[in-house]
Structure formats: structure tokens, C-alpha cells
Amino acid sequence: MMTDTLSGKKVAFLLTDGFEDSELTSPWQAVTDAGASAVLVAPELGTLTGENGHTQDADVRAADAASSQFDALVLPGGVVNADHLRMDADAVNLARSFFEDHKPVGVICHGGWLLIEADVVRDRELTSYPSLKTDLINAGANWVDEEVVVDNGLVSSRTPEDLPAFNAKLVEEIAEGEHERQTA
């Protein structure tokens, strides 16, 4: 269902090869259906391939992107995607900058690894794929096992099965705009 809830908003999706396909395509559809424009940001330009074969071209390199260009950030999961992104300094710095600028961030599944690397999970409540529980707790997060968790502009979910709840909260948080307590 198309709405104009996010009309005029611009949402960055930060990922690389090996992303979980539905964790890109479903939130992308949700934000664009709500009126936002979506931009795929990646470490390098070119065609990216998900773990199930979805392909999509990167629009902007992470090194050339800034949180000031966007209203929100979405971090799809996928083990390979998340592992490679957390090793990319430009991706880590970009993710951190969204927190510094108090902007909404959505993260699902293994995407939380990037947030650990960006040092933005301490004292935050969030969820993830269960195998990240110990990593998040060790980084100072309060990990909970729920389909969607919202903590001052940070929206997190566990798996593709949680996408309907994730998408609804993601659109809601982006519509609300900046969150003063969304900080790095």
C-alpha cells in the first residue's frame, strides 16, 4: 500500500555481497511504498549479489556517503555481508555517523556486527540473530529475544520472519525523524 508517510525522506541501505536478500528487498519496498527514496551504499560500486541470488547495483560508495545526505540508515543482515562490512572502515564510520547525528537506524539479523564495530550498542536494548547475543552483550548491549525492538530510533529484528514488524517500526521511526537520545 502506497502512502506519503516518508515523502521527501532519503534512506541509505548499507551492504555488500552476501546480504540476506529479503532483508534488503522487503525494507526497501516498505520505505519506498511509504514515499521515501532509497539509496544503496556499498564499499565499492558495482552489482552486489545476495546469498539467495538477488542482484542490485550500488548507487554510492561508503567512502563518498555521509549521514548528512540521508534521513535514516538500514543495515540488512547476512553473515558474509555483515562480516565484510565490519572490516570496512568507511562502512563503520558511516554507520557511526548516523548515531552521532541522532538519525534512525534499522538493523536486522547479523547487521548488528557492524554496530558493535562502530561502538554504538553500549547501554542500548536490541535484538539480532541469536548467534550475535554474546557479541552484543560483550559490547555492552541489553540483548532481548523479540521480533522487533525500538530503542530511541534504533530498530532491530532477528530474522526474515520478523520483517513485517521490522518494516512497520522502521517506517514509524523514520517518520518521527531525529531522536535526541540516538547517540554514539
Side-chain angles (χ1 to χ4, degrees), residues 11-28 31 38-63 65 67 70 72-99 103-122 124-149 151 153-163 165-167 169-170 184:
V11 180
F13 283 74
L14 178 58
L15 59 121
T16 193
D17 288 317
F19 61 90
E20 166 50 52
D21 303 47
S22 63
E23 293 172 4
L24 166 63
T25 59
S26 181
W28 186 286
V31 300
V39 177
L40 198 153
V41 180
E44 297 298 330
L45 294 178
T47 301
L48 302 174
T49 304
E51 44 187 41
N52 297 312
H54 175 79
T55 59
Q56 195 161 327
D57 290 338
D59 299 307
V60 179
R61 287 181 341 121
S67 62
F70 303 99
L73 174 67
V74 178
L75 302 170
V79 175
V80 172
N81 167 62
D83 192 45
H84 288 171
L85 282 182
R86 69 181 172 162
M87 299 295 292
D88 184 276
D90 294 321
V92 172
N93 292 335
L94 180 61
R96 183 175 175 78
S97 71
F98 277 85
F99 287 82
K103 294 185 177 181
V105 174
V107 60
I108 188 165
C109 200
H110 287 82
W113 272 339
L114 182 60
L115 299 183
I116 292 168
E117 195 66 32
D119 193 25
V120 294
V121 299
R122 185 167 312 286
R124 303 297 297 268
E125 184 170 282
L126 67 157
T127 194
S128 67
Y129 192 76
S131 66
L132 272 68
K133 175 182 178 179
T134 300
D135 296 340
L136 286 162
I137 290 171
N138 286 342
N142 177 23
W143 189 88
V144 295
D145 186 14
E146 296 176 13
E147 71 176 350
V148 65
V149 176
D151 182 336
L154 174 60
V155 181
S156 59
S157 283
R158 305 168 298 194
T159 68
E161 287 76 31
D162 298 334
L163 281 166
F166 176 77
N167 292 342
K169 286 298 186 183
L170 178 66

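Just so it is clear, the model here is predicted, and its values are computed rather than measured. Position 1 is the first residue of the sequence; numbering continues from there.
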To check you understand the geometry: which heavy-atom pair defines the closest contact between [X] and [Y], and what is its length?
X    : Y    : value
N167 : P27  : OD1-CA, 3.3 Å
T16  : P43  : CB-CD, 3.9 Å
R158 : T127 : CG-OG1, 3.2 Å
L14  : A62  : CD1-CB, 4.3 Å
R124 : V120 : CG-O, 3.5 Å
V11  : F70  : C-CD2, 4.1 Å

With sequence neighbours excluded, what pairs up with R122 under the side chain to side chain donor-acceptor pair (under 3.5 Å) test?
-> none
Go through the structure and list residues passing side chain to side chain donor-acceptor pair (under 3.5 Å) with T25, not counting sequence neighbours.
-> none
Inter-residue atom distance [X].[atom1] - [Y].[atom2], 0.5 Å rounding:
X    : Y    : atom1 : atom2 : value
L114 : N81  : CG    : CG    : 9.0 Å
N93  : E117 : CG    : CD    : 10.0 Å
D145 : S128 : CG    : OG    : 9.0 Å
I116 : L136 : CD1   : CG    : 4.0 Å
T49  : Q56  : OG1   : CD    : 11.0 Å
E147 : E161 : CD    : CD    : 11.0 Å

Residues in side-chain contact (heavy atoms from CB on, under 4.5 Å) contact with [X], at least two apart in sequence or another chain:
X    : result
E44  : R61
P160 : E20, S22, E23, L163
S157 : I108, V148, D162, F166

Ignoring hydrogens and geometry, is there a side-chain-to-backbone donor-acceptor pair from [X] to [Y] under 3.5 Å?
X    : Y    : answer
N52  : D21  : no
R96  : D119 : yes
K133 : W143 : no

Angle class for the H54/F19 ring planes (parallel below 30°, perpendicular above 60°, tilted otherwise)?
-> perpendicular
Which pairs pass salt bridge (Lys or Arg N to Asp or Glu O under 4.0 Å) with one or both residues in residues 79-91, sequence neighbours excluded?
-> D83-R86
Side chain to side chain contact (heavy atoms under 4.5 Å, CB included) between H110 and S131: does it pass, once the steps are laid out?
-> CA-CA 8 Å; H110 287 82; S131 66; 3.4 Å; yes
Could you check L40, L24, T55 and say which one makes a side chain to side chain contact (heavy atoms under 4.5 Å, CB included) with L48?
-> L40
Note, [X] side chain near [Y] side chain (heavy atom, < 4.5 Å):
X    : Y    : result
V74  : W28  : no
L115 : L154 : yes
S67  : L73  : no
L126 : D151 : no

Verify the distance criterion only: is there a donor paired with an acceptor across the side chains of D57 and T47 at less than 3.5 Å?
-> yes
